[in-house]
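This report refers to the structure that appears directly beneath it.
Excluded from the calculations below are hydrogen atoms, water molecules and symmetry mates; all remaining heavy atoms, backbone and side chain alike, are included.
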Amino acid sequence: MDISEELAPGALGEIVTLHSKFYAVHWGFGLFFETKVARELADFADRAAENDLILIAHDKNGVAASLILDLNDPISEERGAHLRWFISADRCRGTGICRDFMARAVAHAEGYCEGRMWLTTFAGLKPARHLYEEFGFTLASEEDGEAWGTRVREQEFRRLRIKPAV
């Protein structure tokens, strides 16, 4: 598997497709979700900065996983870096790619924003939640909402800087 750290031509569409297909099959999300991902990812691509972290895994079938750590999201404020578009194709589950990407993201955040990170998700994604918590994220807020185009239990996780033992 090859790892890219840039948004090469075609990457945006493949990341949107990966999200759209996964969440349609497993959660019943529709066109609203797909256009939201496409719009927000395109907005990020227009303002991406050198200190942002882009990780895209490619295999013979195309984009296999992605993670973007958005250090310049205008809505982040004190929450730090915004962890976004973190997903792996079903064919990559159990390969360790998500754990590797998360470790890289945490290291990047440690270097740029004292390890502070945040993400939004929804209840029911147990393997993802387990990984977030393993890397120091805690549930900061939770409420019913329709940000993804269907009613789910929306969650925000935050990671504060984990201070090393003295």
Side-chain angles (χ1 to χ4, degrees), residues 3-49 51-58 61-93 97-98 101-102 104-106 108-109 113 116-133 135 137-159:
I3 309 296
S4 171
E5 293 189 7
E6 64 181 3
L7 290 169
L12 292 179
E14 288 190 73
I15 293 168
V16 171
T17 298
L18 191 59
H19 278 77
S20 300
K21 288 183 176 180
F22 176 84
Y23 287 102
V25 168
H26 298 287
W27 292 92
F29 289 9
L31 187 59
F32 177 94
F33 175 74
E34 184 171 353
T35 58
K36 175 184 174 68
V37 171
R39 183 175 36 258
E40 291 179 5
L41 187 54
D43 288 345
F44 167 79
D46 282 343
R47 65 171 173 74
N51 64 339
D52 293 320
L53 177 66
I54 298 168
L55 298 171
I56 304 171
H58 302 267
N61 296 311
V63 170
S66 69
L67 179 150
I68 294 176
L69 191 60
D70 185 351
L71 275 79
N72 302 285
D73 187 338
I75 67 167
S76 287
E77 298 172 348
E78 80 286 345
R79 293 179 288 186
H82 191 175
L83 182 69
R84 311 181 80 181
W85 305 294
F86 184 32
I87 192 167
S88 73
D90 286 338
R91 67 186 182 271
C92 297
R93 304 233 187 271
I97 192 68
C98 287
F101 276 14
M102 184 64 80
R104 290 184 191 201
V106 167
H108 193 81
C113 54
R116 290 175 296 111
M117 301 165 67
W118 70 286
L119 62 94
T120 57
T121 188
F122 58 92
L125 299 171
K126 292 178 185 175
R129 181 175 180 159
H130 176 76
L131 186 63
Y132 302 145
E133 290 173 340
F135 279 89
F137 286 85
T138 57
L139 183 62
S141 65
E142 182 175 44
E143 64 185 351
D144 290 334
E146 296 185 16
W148 281 272
T150 189
R151 193 148 192 81
V152 293
R153 187 80 178 153
E154 298 173 357
Q155 300 174 323
E156 181 177 310
F157 283 82
R158 293 187 187 182
R159 181 183 187 275

Identify, with sequence neighbours excluded, every residue that meets ring pair (Phe, Tyr, Trp, His ring centres under 6.0 Å) alongside [X].
X     : result
His58 : none
Phe86 : none
Phe22 : His26

Query raised in the report: What pair of heavy atoms forms the shortest contact from Ala64 to Cys92, and how long is it?
Result: CB-SG, 3.4 Å
Report summary line: Residues pairing under salt bridge (charged side-chain N to carboxylate O under 4.0 Å, His left out) where one sits in residues 23-35, two or more places apart or in two chains, turn out to be none
Could you state the interatomic distance from [atom1] ([X]) to [atom2] ([Y]), rounded to the nearest 0.5 Å?
X      : Y      : atom1 : atom2 : answer
Asn61  : Arg91  : CG    : CZ    : 4.5 Å
Phe135 : Cys98  : CZ    : SG    : 10.5 Å
Leu18  : Ser20  : CG    : OG    : 9.0 Å
Arg159 : Tyr132 : CZ    : OH    : 14.0 Å
Gln155 : Glu142 : CD    : CD    : 4.5 Å

Requested in this report: For Thr17, enumerate each residue passing the side-chain hydrogen bond (donor to acceptor under 3.5 Å, both in side chains) test, keeping only those at least two apart in sequence or located in another chain.
Outcome: none
**Report entry** For Glu156, side-chain hydrogen bond (donor to acceptor under 3.5 Å, both in side chains) partners two or more places apart
**Finding:** Arg79, Arg158
Query raised in the report: Considering only heavy atoms from C-beta outward, does the side chain of Leu131 approach that of Phe101 to under 4.5 Å?
Result: no
**Report entry** Check: Phe44 and Leu7 side chains under 4.5 Å, non-hydrogen atoms
**Finding:** yes
Requested in this report: Check the pair Met102, Phe137 against side-chain contact (heavy atoms from CB on, under 4.5 Å), reporting the backbone distance first and the verdict last.
Outcome: CA-CA 11 Å; Met102 184 64 80; Phe137 286 85; 4.0 Å; yes
Query raised in the report: Is the Tyr23-Phe29 ring centre distance short of 6.0 angstrom?
Result: yes
Query raised in the report: Given the rule in the side-chain contact (heavy atoms from CB on, under 4.5 Å) test, do Leu41 and His19 qualify, once you have shown the distances and angles that lead to the verdict?
Result: CA-CA 11 Å; Leu41 187 54; His19 278 77; over 6 Å; no
Quiz: residues 65-75 side-chain donor-acceptor pairs under 3.5 angstrom, not counting sequence neighbours:
{"residue": "Ser66", "atom": "OG", "partner": "Trp85", "partner atom": "O", "Å": "2.6"}
{"residue": "Asp70", "atom": "OD1", "partner": "Arg47", "partner atom": "NH1", "Å": "3.0"}
{"residue": "Asp70", "atom": "OD1", "partner": "Asn72", "partner atom": "N", "Å": "3.1"}
{"residue": "Asp70", "atom": "OD1", "partner": "Asp73", "partner atom": "N", "Å": "3.0"}
{"residue": "Asp70", "atom": "OD2", "partner": "Arg47", "partner atom": "NH1", "Å": "3.4"}
{"residue": "Asp70", "atom": "OD2", "partner": "Arg47", "partner atom": "NH2", "Å": "2.5"}
{"residue": "Asp70", "atom": "OD2", "partner": "Arg84", "partner atom": "NH1", "Å": "3.3"}
{"residue": "Asn72", "atom": "ND2", "partner": "Asn51", "partner atom": "OD1", "Å": "2.8"}
{"residue": "Asn72", "atom": "ND2", "partner": "Asp52", "partner atom": "OD1", "Å": "3.0"}
{"residue": "Asp73", "atom": "OD1", "partner": "Ile75", "partner atom": "N", "Å": "3.1"}
{"residue": "Asp73", "atom": "OD2", "partner": "His82", "partner atom": "ND1", "Å": "2.6"}

Query raised in the report: Do Trp27 and Trp148 pass the side-chain contact (heavy atoms from CB on, under 4.5 Å) test, and can you show the C-alpha distance, the side-chain angles, and the key distance before you say yes or no?
Result: CA-CA 10 Å; Trp27 292 92; Trp148 281 272; over 6 Å; no
Query - Step-by-step side-chain contact (heavy atoms from CB on, under 4.5 Å) determination, Val106 to Met117 - result: CA-CA 8 Å; Val106 167; Met117 301 165 67; 4.0 Å; yes
Query - Exam field: side chain Glu14 to backbone Gly62, donor-acceptor pair closer than 3.5 Å - result: no
List in chain and number order the residues that pass salt bridge (Lys or Arg N to Asp or Glu O under 4.0 Å) with [X], two or more places apart in sequence or in another chain; answer none if no residue qualifies.
X      : answer
Lys36  : Glu40
Asp144 : Arg153
Glu143 : none
Asp90  : Arg93

Could you pull out all donor-acceptor pairs under 3.5 Å where a side-chain atom in residues 123-130 meets a protein atom, sequence neighbours excluded?
{"residue": "Arg129", "atom": "NE", "partner": "Glu133", "partner atom": "OE2", "Å": "2.8"}
{"residue": "Arg129", "atom": "NH2", "partner": "Glu133", "partner atom": "OE2", "Å": "3.3"}

